Structures are given as C-alpha cells and as structure tokens.
Amino acid sequence: MYWSDFNRLGRFWEPWRDIERMQRTLHGYSAPGTGEFPAVNVWSTGDEAVVTAELPGIDAKSVDNSVLGKTLTLRGTRQSDTAKEGESYHRQERWAGRFSRTIDLPFAVDAGKVGARFSRGILTITLPRTEADKPRKITVVSE
Amino acid sequence: MTDTAKEMQKKEAATPEGVERTRPEKVYMPAVDIMEKKDEIVVTADMPGVDERSMDITLEKNILTIYGKVDTEVPKGHRLVYAEYGIGDYARTFTLSEEVDRDRIQATMKNGVLRLVLPKAAAARTRKIEVKAEA
C-alpha cells in the first residue's frame, strides 16, 4: 500500500489530530450549550426572571452587568496565571480571556430593581418585570 | 473556534460500566490547570457551586480524588426556561507520582475554584548541575 506523508491539504499526516478532530465534531453534536462563556441558565415565574451564570474564579466586582429593556449584558475578564520562568503547564483546560454575553429575557425588566448576588463562583441576577409590561387582568362583569 | 467551544462545555465524569451512583444527580469533570513550579505542583480546578465545606479531597496510596458536592439551588417557584449548563457534582481523579510530599499538601477554595498545592519531596527537587569548562 502506498502511504502519502501529506494529506490533501498538504499538511503532514497526523493521525491523532484527525481522530481528535473527529471526536470533537461528534461531541459538538451531542453536547448541549452554546460553548460561550459564561454558560447561563434562565429561570422565570412570569413576574420575575433569575439568570444564573457559572463564573468560577472571577471577582464579583470585575463583572459588569447592564440591563436595557429586554436584554441583559454580562461583561468581564477572567485572568489566567501565566507561567513564569522555570514553570510549565501540564494541562491548561480552564478558559481565560474577556467575555461579553447578551441574554434575551422573556420580558422587559425594571432596571432599578435588579439585584445581583455572587457566591461560590455562581452569579445570580434577579430581574423583576416592569409594571408596565405585566399583563393586566380584565375582570368580567356579569350583566 | 470549535476547539475553544469544546473546552468551555461541562463534561460528565466517567464511571465504570455497569456502576451506578447513589445520588441521581449528574457528576461533571471539572476543568483543571496543572502547573509545575520549581518546588511544587499546583492544581487549579473550576468547581462553581462548591465551597470549602462541600469539598472532599482524599489521597489513597497515590490516587488523589477531588469531589465537590453542589447543593442544587433552584430559585423558589421558578421554572427553568432556558438552560446552557447542567447542575451536578464534580469529581476527578489523578495519579500522583512518588515525588509529592503527602504531608504538606494544601488546599484552598475561593469563588468556586479549588487550588491544590502539592509540594515536591525534597529528593525530587531539581538540582542544577553546574558545568565547568576544563582548563
């Protein structure tokens, strides 16, 4: 059998890399989530939405949250330790960098009443619905 | 882009086939950084939702296991309308080499990140050998 050391893209043939790439592709189909950082969950009662985000290793002060109407924006940076001289990484799996995420909320939010709490690496933002946006109950009067 | 996307997703921890966990919650594999310094090895693991009380670290022979229990905090009366991450415990196991000084291992937890410092045993520390030019 004839082996070519180069594949059709002209790269050197690296079987492990190809297998890894295939696995990654397969993984991408089955795994939930968008792959964006941070991952968020949104909870709702109809009158209030709660957004939780996993932000391990981030200072509560360094996350910048802003609300405008129906959108919530989370911005911040996650620092990584840089290897100094004589130090080396065996593994580096944790994500680091700047992030900016915009989340669409189910309803317009009263920006003045938004509360945020940060504990054990999880950010919880409570967003009450604006009074103007709440559904109005219509009473039916019998004649 | 797909490379980084994969890294950011939570991966479930592996269990031997046919073995079930007693608790029905999922168990995830925390993302770790392992850095080797001159005198120590530092393991950093992302475990959001875990604090120092719910963290369990065991060292048996040369198997180091980290297990973080997450108390599922569901906002009361709320319904999950959109989900990107699953909630569950964290577990990961590492094999240590002989060169770690077991008695001086230190673990700290801050903002959902575990930091384990494994000092190298005196014998395993690198010694620099000076090379002299022959006269």
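Each chain gets a letter, A, B and so on, in the order the sequences are listed, and its residues count up from 1. Just so it is clear, the structure is predicted and the values come from calculations on it, not from any experiment. These values consider heavy atoms only, across backbone and side chains, with no hydrogens, waters or symmetry-generated copies.
The 12-atom threshold is not exceeded at CG of A/Leu68, counting heavy atoms of other residues, nucleotides or ligands nearer than 6.0 Å. Heavy-atom neighbours of A/Lys113 NZ from other residues, nucleotides or ligands within 6.0 Å: at or below the threshold of 12.
B/Val32 and B/Tyr85 fall within a single hydrophobic cluster, where Ile, Leu, Val, Met, Phe, Trp and Tyr side chains are chained together by heavy-atom contacts under 4.5 Å. In terms of hydrophobic clustering, with Ile, Leu, Val, Met, Phe, Trp and Tyr side chains grouped at heavy-atom distances under 4.5 Å, B/Ile41 and B/Val117 are assigned to different clusters. Using a 4.5 Å cut-off between side-chain heavy atoms of Ile, Leu, Val, Met, Phe, Trp and Tyr, with links allowed through other members, B/Leu59 and B/Tyr90 fall into the same hydrophobic cluster. Side-chain heavy atoms closer than 4.5 Å link hydrophobic residues (I, L, V, M, F, W, Y) into clusters, and following such links, possibly through other members, connects B/Leu116 to B/Met47. Residues B/Leu96 and B/Ile63 do not share a hydrophobic cluster, clusters being chains of Ile/Leu/Val/Met/Phe/Trp/Tyr side chains in contact below 4.5 Å.
With a threshold of 4.5 angstrom between heavy atoms, A/Ala60 does not approach chain B through any atom at all. With a 4.5 angstrom heavy-atom cutoff, B/Val50 touches chain A only via backbone atoms. Within the 4.5 angstrom heavy-atom criterion, no atom of A/Thr124 approaches chain B.
A salt bridge links A/Glu93 with B/Arg92: the closest approach of a Lys/Arg side-chain nitrogen to an acidic carboxylate oxygen falls below 4.0 angstrom.
Residue A/Arg91 holds its CZ atom at 5.5 Å from CZ of B/Phe94, rounded to the nearest 0.5 Å. Distance CE/B/Met55 to CZ/A/Arg120: 13.5 Å, rounded to 0.5 Å. The line from OG of A/Ser88 to CD1 of B/Ile34 is 11.0 Å long, rounded to the nearest 0.5 Å. Atom OH of residue B/Tyr82 and atom CD1 of residue A/Ile103 lie 8.0 Å apart, to the nearest 0.5 angstrom.
Side-chain contact between B/His78 and A/Glu48 is present, with heavy atoms from C-beta onward closer than 4.5 Å. Taking the side chain as every heavy atom from C-beta outward, B/Glu36 and A/Glu87 never approach each other to under 4.5 Å.
Ranking A/Gly121, A/Gly46, A/Gly57, A/Ser44 against chain B, the residue ahead of the rest is A/Ser44, based on heavy-atom pairs under 4.5 Å. With respect to chain A, the highest number of heavy-atom pairs below 4.5 Å among B/Thr44, B/Val43, B/Ile87 belongs to B/Thr44. For the set A/Val51, A/Ile122, A/Leu55, A/Asp59, the count of heavy-atom pairs under 4.5 angstrom toward chain B peaks at A/Ile122. Heavy-atom pairs under 4.5 Å with chain A were tallied for B/Val70, B/Leu80, B/Val113, B/Val42; the largest tally goes to B/Leu80.
For the pair A/Ile58 and B/Asn111, the tightest heavy-atom approach, listed with the atom from each and the gap, is O-ND2, 3.3 Å. The two residues A/Pro56 and B/Asp46 come nearest to each other via the heavy atoms CG-CG, 3.7 Å.
Checking side-chain atoms of A/Gln92 against main-chain N and O of B/Asp33 turns up no donor-acceptor pair under 3.5 Å. Although no hydrogens or angles enter the test, the distance criterion places a donor-acceptor pair under 3.5 Å between the side chain of A/Asn41 and the main chain of B/Glu84.
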